[in-house]
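Reviewing the structure listed below.
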There are 4 protein chains.
Amino acid sequence: MTPKQVDKEARRRQIFQAAMELYSQKGVARTTIQEIAEQAGIGKGTVYEYFDRKEDILAYMFDSIQEESEAIIAEQLTPSMNAEKKLVAYITGIMSFFDRYPADITEILLVFWAEGILNSPRNPADASTQSFDLRSMYEEYNQIVAQILDEGKQDGLFRQSLDSEAIAPAIIGALDGLMLQWVLLKDQIDFHDGVNNLLTVVLDGIREHEGND
Amino acid sequence: MTPKQVDKEARRRQIFQAAMELYSQKGVARTTIQEIAEQAGIGKGTVYEYFDRKEDILAYMFDSIQEESEAIIAEQLTPSMNAEKKLVAYITGIMSFFDRYPADITEILLVFWAEGILNSPRNPADASTQSFDLRSMYEEYNQIVAQILDEGKQDGLFRQSLDSEAIAPAIIGALDGLMLQWVLLKDQIDFHDGVNNLLTVVLDGIREHEGND
Amino acid sequence: MTPKQVDKEARRRQIFQAAMELYSQKGVARTTIQEIAEQAGIGKGTVYEYFDRKEDILAYMFDSIQEESEAIIAEQLTPSMNAEKKLVAYITGIMSFFDRYPADITEILLVFWAEGILNSPRNPADASTQSFDLRSMYEEYNQIVAQILDEGKQDGLFRQSLDSEAIAPAIIGALDGLMLQWVLLKDQIDFHDGVNNLLTVVLDGIREHEGND
Amino acid sequence: MTPKQVDKEARRRQIFQAAMELYSQKGVARTTIQEIAEQAGIGKGTVYEYFDRKEDILAYMFDSIQEESEAIIAEQLTPSMNAEKKLVAYITGIMSFFDRYPADITEILLVFWAEGILNSPRNPADASTQSFDLRSMYEEYNQIVAQILDEGKQDGLFRQSLDSEAIAPAIIGALDGLMLQWVLLKDQIDFHDGVNNLLTVVLDGIREHEGND
DNA sequence: CATGAATGAGGTTTCATTCAT
DNA sequence: AATGAATGAAACCTCATTCAT
């Protein structure tokens with residue numbers, strides 16, 4: 001009565017994985033559906049059974065990465081931590097995402113980033129029609145970090161003169177920028193080292209201590 | 001050298017400007033030669049008198065931005081400055097580039113970045129055939145900043161424990177990441193503010209002072 | 001003969017009805033097998049259990065309409081009628097077909113016609129491979145009407161000068177053309193009115209009466 | 001300065017002619033752009049320089065036929081004619097269109113008709129988005145003929161009992177239906193003969209004469 | 001029998017690039 | 001030098017049909 005039983009979601013992931021492989025090698029625009037199908041070992045038409053349009057594969061990537069990264073980061077944060085621990089945990093969480101994500105996450109992140117930039121609604125009016133949107137992602141990240149910084153200020157851990165709203169994007173941005181360079185210059189840069197050094201500098205820079213202010 | 005040559009270069013800039021306008025609005029892949037020609041007020045065939053292939057316009061953008069940014073940054077640096085002043089001057093130079101570059105540099109920088117990422121040779125072997133290459137650009141930037149940091153260490157201005165090679169990309173990366181967020185969240189973030197805050201934190205974090213180490 | 005056969009035929013009708021619904025709304029070319037299956041509330045593969053190819057559904061429509069219309073028309077004609085009565089009965093039979101055919105016959109007739117035109121063998125050589133063929137249908141209709149006209153001439157009811165072979169297609173054609181307009185301009189035209197008026201004019205035009213010829 | 005000079009409208013006609021040739025042979029849906037290009041002796045891309053979408057070629061056909069037929073019919077009508085002459089002139093005009101239109105008009109008219117039917121807005125609401133619309137065409141034709149009939153009634157040429165609004169579509173429809181049969185049964189039917197016979201019958205049927213009403 | 005997942009031929013459309021004028 | 005008409009490779013996407021379950 002019932003036909004071939006297929007795990008639709010598994011199939012989607014299979015196609016998605018194949019697409020990511022190619023996207024990270026040649027970019028989205030230069031990868032064809034035909035190639036994705038071949039990479040996945042299925043027919044061209046089958047791709048369209050699981051993704052209505054080529055663009056949807058990209059959207060799936062955005063959703064997928066965003067979900068997973070948020071989960072991993074959240075996992076590291078515990079409410080009982082003090083602000084400094086939270087900041088370290090947050091940043092460590094991001095690193096841990098890189099370590100744990102299956103294969104080639106770095107190359108994929110470049111695609112995520114590059115396409116995210118190209119596809120970001122330039123004027124907020126278009127934002128609603130956009131399925132993936134770096135803007136809102138960064139807004140969220142900034143908010144979390146700013147909260148941690150504010151918490152640290154209230155607890156007397158961080159300097160009172162700190163402008164949380166201005167520093168938060170700088171910290172998030174520093175991680176992004178570092179990651180970019182790591183991906184581009186893998187042979188010259190060690191990401192963990194870079195992050196740890198950054199963390200030391202930043203913490204020393206924001207920590208309340210005698211002789212400051 | 002001949003007047004004709006000057007003419008040719010002016011024409012190239014005209015086409016380039018038109019292309020940038022469109023690239024920053026819709027991305028490179030979604031902009032056609034036809035549209036660039038229209039925007040420049042010339043015929044489609046004429047574009048090909050000045051750029052052999054569509055890709056060359058992008059290469060021109062990379063060269064143009066790289067040259068100009070290097071010039072502006074160099075302009076701010078004087079050998080007689082001490083390391084801290086140099087670091088401030090370097091970062092201020094980058095900001096000053098944004099302020100001075102003609103129109104819409106922010107949008108164009110996103111394109112510069114996104115396309116740079118997409119087009120960066122994934123394996124160093126391809127690097128030679130690549131006309132624009134973020135890798136080498138970052139290598140250069142890192143080297144300059146690392147040198148300044150080393151200088152500061154030698155002069156006793158910066159902590160001896162500083163890992164210049166590891167911190168340099170973090171500082172460059174922080175600027176990039178901040179810029180990205182600024183472009184995406186122009187309405188929420190002030191770039192000058194962000195950079196100044198970052199600078200304060202970083203300098204405080206790397207500066208040699210009592211009670212450290 | 002076996003109960004299964006009846007079942008099969010019922011299923012065919014079910015699919016056919018679903019197809020007609022859609023064909024009359026969007027045309028044959030723009031209707032997919034998938035949609036027909038959905039409309040019929042069955043699976044896509046099941047459609048192929050009852051019709052080997054998409055085209056066969058159309059063929060079924062032609063057969064079905066032709067059979068039914070012939071039956072209804074024949075029902076109205078009695079050998080004992082005189083020629084004028086027969087002509088009226090014939091035309092009334094066509095109207096009665098419209099009235100009695102299940103739902104939306106008008107829209108379906110447009111499809112019947114349009115596809116019949118498109119699929120009619122342009123050169124008689126192809127006629128044999130064609131499963132449905134407006135040509136032969138019109139030949140038959142013309143013959144019937146021409147016979148009635150001839151009968152009327154022999155009986156002195158219709159003018160002797162009448163060219164039956166030339167007038168018959170004009171009468172059949174007039175009904176077709178009127179029907180087309182009725183379907184397109186339902187809000188402006190009343191089909192029964194139109195047919196009755198046509199009948200009056202034609203009968204007056206062909207009837208033998210003093211002062212003619 | 002100026003490139004190759006091309007008569008754009010002539011080119012459009014050339015492509016249009018090629019398309020018509022094929023459309024009349026195999027129908028619109030079964031004719032590909034590739035085939036049209038080959039038939040026209042140009043490249044596939046060139047077709048798109050002159051028609052943005054395949055559908056536009058069909059729209060061009062509708063406009064073209066409608067314009068030309070209206071011009072030819074109008075040419076035959078003179079205000080000074082009496083109603084009967086006008087009716088004859090009108091119908092003769094339609095015949096004359098067939099005779100004068102370049103090549104294969106009959107086959108093309110089938111396409112015109114079939115596609116017109118398939119594409120006619122089923123509910124008047126869609127009418128505005130439709131570039132070709134049999135509805136409005138028939139409305140116009142009906143109006144012209146109804147006016148002639150009314151004129152004839154006023155002048156005492158046609159019966160007072162005539163329902164012009166009901167008879168007009170029947171007359172127009174009769175011509176259409178006759179034409180259809182002629183195209184399908186060219187070997188058995190002579191169109192001119194058919195029209196003339198139809199005209200005789202109709203005129204006899206509507207003409208005011210003793211013994212009527 | 002019924003089903004819908006899988007398929008690929010085939011169609012439309014875009015667009016970088018060439019080249020005659 | 002400037003132009004835009006012409007081109008066809010290449011991409012996306014649709015959908016009739018098959019077939020394993």
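Predicted model only: the values in this text are computed from it and were never measured. Here is the naming used below: chain letters follow the sequence lines, and residue numbers restart at 1 for every chain.
In this structure, C:Ile36 and C:Thr31 approach most closely via the heavy-atom pair CG1-CG2, 3.8 Å. The shortest heavy-atom contact between A:Phe62 and A:Glu115 is CZ-C, 4.3 Å. B:Tyr60 and B:Arg12 get closest at one heavy-atom pair: CD1-NH2, 3.3 Å.
Side-chain atoms of C:Ile42 lie closest to E:dT3 of the nucleotides E:dT3, E:dT17, E:dT7. Closest to the A:Lys44 side chain, of the nucleotides E:dT13, E:dA9, F:dA16, is E:dA9. Minimum atom distance to the side chain of B:Tyr48 is reached by E:dT18, of the listed E:dA5, F:dC13, E:dT18. Proximity note for C:Glu49 (side chain, C-beta onward) versus E:dT3, F:dA5, F:dA1: the nearest is E:dT3.
For F:dA16, the paired nucleotide is E:dT7, the pair qualifying as Watson-Crick or G-U wobble because both relevant distances are below 3.5 Å. Under the Watson-Crick and G-U wobble criteria, each requiring two contacts below 3.5 Å, nucleotide F:dT21 is paired to E:dA2.
Here D:Arg53 reaches the OP1 or OP2 of E:dT13: one of its side-chain N or O atoms lies under 4.0 Å away. Contact annotation: A:Arg30 side-chain N/O to F:dA10 OP1/OP2 distance is not under 4.0 Å.
Place C:Lys54 and B:Tyr50 on DNA chain F by their nearest nucleotides, and B:Tyr50 ends up nearer the 5' end. DNA chain F is contacted by both B:Val47 and A:Ala29; B:Val47 maps to the nucleotide lying nearer its 5′ end (nearest heavy atom per residue). Each of B:Thr32 and C:Gly41 has a nearest nucleotide on DNA chain E; the 5'-most of these lies closest to C:Gly41.
E:dT12 atom C1' lies 13 Å from atom CD of D:Glu35, rounded to whole Å. Protein atom CD of B:Gln34 is 11 Å distant from nucleotide atom C1' of F:dA5, rounded to whole Å.
Within the nucleic acid shown, B:Thr46 comes within 4.0 Å of at least one base atom, counting heavy atoms only. Counting non-hydrogen atoms under 4.0 angstrom, A:Gly43 reaches the backbone sugars and phosphates but no base.
Shown are B:Asp56, B:Val28, B:Ile108; of these, the side-chain contact (heavy atoms from CB on, under 4.5 Å) with B:Met61 is made only by B:Ile108.
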